[in-house]
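Report on the structure given below.
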Amino acid sequence: MPVKTIEWLGGKIRIIDQTQLPEQLIYLTIDRVEELAEAIRNLRIRGAPAIGIAGAMGVALTAFQHTEEDKNRWIEKLISTIHILKETRPTAVNLFWALDRMRRLINSTEDESVETIRDRLVEEALSILEEDRQICRRIGKNGAALIPQEATILTHCNAGSLATADYGTALGVVYTAVESGKKVKVYADETRPLLQGSRLTAWELKESGIDVTVICDSAAGFLMEQKKIDCILVGADRIAANGDVANKVGTYTLAVLAQKHRIPFYVVAPLSSFDFSITSGDFIPIEERSGEEVVNGFETRTAPTGIRVYNPAFDITPHELVHAFVTEQKILYPPYIKSISDIFGKNSPK
Ligand code: MRU
């Protein structure tokens with residue numbers, strides 16, 4: 001069964017500290033927004049839907065903690081919480097989507113009492129969590145229909161229960177396919193430099209009794225060439241209106257290799273990961289992280305001290321390499337400019 005990656009404990013947030021996995025399953029109880037911002041920045045909680053939920057809960061946290069103050073100051077604190085959380089990570093649109101949803105609620109309830117606004121903010125954060133739970137289930141069901149009766153699936157990073165409120169997006173498809181009796185094996189790319197694939201995906205699939213094998217990222221092409229992979233399932237951090245996808249760095253490489261080997265490459269994501277306001281992947285902000293993660297990861301130095309490092313955390317996969325998007329509503333096929341705009345409305349983004 002999936003783990004509870006994030007929970008609301010009546011005025012506090014409880015998360016799994018994912019930096020400690022797979023060795024230790026440690027829960028952190030968070031009661032200050034600065035602590036939450038640190039947890040998001042340092043990937044104690046990560047994955048696009050999960051950081052959206054965390055952002056929404058962060059606003060509820062502030063709302064809970066300062067009710068004794070003058071109402072205007074309290075509202076200012078809520079707005080400043082939204083700003084602080086928006087600065088944590090730039091790529092996953094779900095964070096901005098969830099924080100904008102909280103902001104709209106603040107705007108529409110401004111005339112109510114502090115207690116009423118606070119209760120509404122908590123309800124909204126909990127709805128975002130509950131919606132995500134149901135979305136994972138619907139995505140899982142839609143995506144499982146694409147999986148053959150016997151399949152070997154390659155995945156990258158972690159788009160499972162540790163990245164969502166339930167059993168994940170890409171891994172939700174795996175869990176649902178297995179539940180429906182399909183024989184599924186998974187290869188998990190280890191996902192350099194922070195190893196979300198080997199630390200997190202391998203951990204949660206193993207805990208759930210799913211057949212999983214870890215490979216070095218650079219082994220993926222060889223496995224495809226050996227016809228060991230039937231399809232590739234990945235999550236997404238942001239999808240532009242034309243279907244270009246930002247996801248964990250290394251995803252683009254897999255998509256190119258998949259095209260060469262004629263292997264279906266599926267992106268599995270909720271509609272909250274689509275950013276219909278931007279026309280292409282050129283406009284998706286790509287997070288650049290510290291070079292220390294590459295050359296001194298997990299406190300082991302693997303390059304000379306002082307060496308120059310470039311460490312983009314995400315890359316862009318152009319839409320023409322994506323076979324289909326699995327969403328909670330339906331499976332979207334090319335041309336994406338049409339199938340995405342059919343869902344989000346007829347007007348093209350500016
Ligand atoms: O840096 P991370 O671990 O937050 O990156 C996560 C990913 O790239 C996931 O594939 C993506 O957020 C989808 S999670 C359902």
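Counting starts at 1 for both ligands and their atoms, following the listed order. Computed from heavy atoms alone, side chains included, the values below leave out hydrogens, waters and symmetry copies.
Summarising the contacts of atom 13 (C) of ligand 1 with Gly250, Ala236, Gly47, the nearest heavy atom is found in Ala236.
Between Phe276 and Phe344, the angle of the ring planes stays under 30°, which puts this pair in the parallel group of the 30/60° scheme.
Here is the list of ligand 1 atoms found below 4.0 Å of a heavy atom in Arg89: 1 (O), 2 (P), 4 (O). Heavy-atom proximity to Asn158, at under 4.0 Å, picks out these atoms of ligand 1: 9 (C), 14 (S). Taking every non-hydrogen atom of Ala159 and a distance limit under 4.0 Å, the qualifying atoms of ligand 1 come out as 14 (S), 15 (C). Heavy-atom contacts of Gln196 reach the following atoms of ligand 1: 1 (O), 2 (P), 3 (O) (cutoff under 4.0 Å).
Between Leu43 and ligand 1, no pair of N/O atoms sits closer than 3.5 Å. The shortest N or O to N or O distance between Thr169 and ligand 1 is not below 3.5 Å. Taking distance alone, with nitrogen or oxygen atoms compared against 3.5 Å, Asn247 approaches ligand 1 more closely than that limit. Between Gly235 and ligand 1, no pair of N/O atoms sits closer than 3.5 Å. When only interatomic distances are considered, the shortest N/O to N/O separation between His156 and ligand 1 does not fall below 3.5 Å.
Without hydrogens or angle criteria, Arg89 side chain to Leu95 main chain gives no donor-acceptor distance under 3.5 Å.
Heavy atoms only, all atoms of each residue included: Ile210 and Val186 are closest at CG2-CG2, 4.2 Å.
In this structure, Lys248 is positioned above the aromatic face of Phe314, its NZ or CZ under 6.0 Å from the six-membered ring centre and within 45° of the axis.
Between Arg41 and Glu87 there is no salt bridge, since no side-chain nitrogen of the basic residue lies less than 4.0 Å from a carboxylate oxygen of the acidic one. The residues Asp342 and Lys338 are annotated as salt-bridged, a charged nitrogen and a carboxylate oxygen being separated by less than 4.0 angstrom.
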